[in-house]
Trainee: 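Pasting a structure below so you can have a look.
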2 protein chains.
Amino acid sequence: MAAKTYTRFTAAEGVENALKMLEGRWKLIILFHLFGGRVMRFSELERAIPEVSQKMLIQQLRQMETDGIVCRTVYPEVPPKVEYGLTEWGQALCPALDALLTWAEEGPAIPAGAPDHSSRSIT
Amino acid sequence: MAAKTYTRFTAAEGVENALKMLEGRWKLIILFHLFGGRVMRFSELERAIPEVSQKMLIQQLRQMETDGIVCRTVYPEVPPKVEYGLTEWGQALCPALDALLTWAEEGPAIPAGAPDHSSRSIT
DNA sequence: CTGTATCCTCTCGGATACTG
DNA sequence: CAGTATCCGAGAGGATACAG
């Protein structure tokens, strides 16, 4: 396992690629509904996330599918039935997001008080 | 250390908060320039990231400062001198971003081939 | 049930010029 | 040197209506 080397720019780019796949008003919510190997139909997701429009739901699902995070399974029946689940790689996101969650939870050391910019001034 | 409990929604929300602080065309690049306790003046950052405009550079720096990630130090001299560095909490982002980087690097299991949607069809 | 197709709004980011 | 102010275009996301 050859450890990759990064410059400040390539590292930023790598993380940006990862973030691009998570950006989108609904992707994280979808993700957390699908973690743990759960599989859901389109209409289930609609009901589970009432605020989302069909257009956005399908759009973000398809993007994640293209990215290889989500797996879409079509059952050729009448009426149609489509299920969404995570790929192995998608499941692997869980610990990475946990790291972010933990970090966010630690909070800024100076949480209260500072309403505006917390600049220091050396005199 | 009471382990927090999350619903699918609060977990998504927590991660979203974290991501919101990282979203922005230049934040990650700035971050990676400041990791390792490095401290840089405004003009240094400008030269290190030639593509960014003054407006965006200052805007993203100030946002990260407000979020408690970046620390801004003003030296009241003529000409002005301002230095930017990471807070402790900002430095703590490094391992979390590494997790994402590592994940992204693993890549989707089916990287090549699939030009369009990789749906499965159960017949 | 599972999507497409339009339209519309609002925010982000870039270009440019000016200031203490 | 280190910002601030203004204008502008592109794209993300929402509402709504329609289709296989």
Trainee: State, yes or no, whether a side-chain contact exists between Glu83(A) and Glu44(A) at a heavy-atom distance under 4.5 Å.
Mentor: no
Trainee: How bent is the helix from dC1(C)-dG20(D) to dG20(C)-dC1(D), measuring the angle between the end axes built from five pairs each, rounded to 10°?
Mentor: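 Nearest ten degrees gives 50° for this helix.
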Trainee: Please enumerate all residues that pass side chain to side chain donor-acceptor pair (under 3.5 Å) together with Thr10(A), with sequence neighbours excluded.
Mentor: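 With neighbours one apart ignored, the set is Thr7(A).
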Trainee: Hey, does Asp98(B) have a side-chain heavy atom less than 4.5 Å from the side chain of Val15(A)?
Mentor: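 No, their side chains stay 4.5 Å or more apart.
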Trainee: Holding to side-chain contact (heavy atoms from CB on, under 4.5 Å), I want the full list of residues that pass it with Lys20(A), two or more places apart in sequence or in another chain.
Mentor: Asn17(A)
Trainee: Can you sort out the partners of Arg38(B) under salt bridge (Lys or Arg N to Asp or Glu O under 4.0 Å), two or more places apart, ordered by chain and number?
Mentor: none
Trainee: Using the side-chain contact (heavy atoms from CB on, under 4.5 Å) criterion, which residues pair with Leu57(A)? Sequence neighbours excluded.
Mentor: Ile30(A), Phe42(A), Leu45(A), Glu46(A), Val52(A), Leu61(A)
Trainee: Can you find a heavy atom in the side chain of Met40(A) that is under 4.5 Å from one in the side chain of Leu34(A)?
Mentor: yes
Trainee: Would you mind building the protein contact string for nucleotides 1-16 of chain C? One character per nucleotide, 5' to 3', B for base within reach (heavy atoms under 4.0 Å), S for sugar-phosphate only, - for untouched.
Mentor: BBBBBB------BBB-
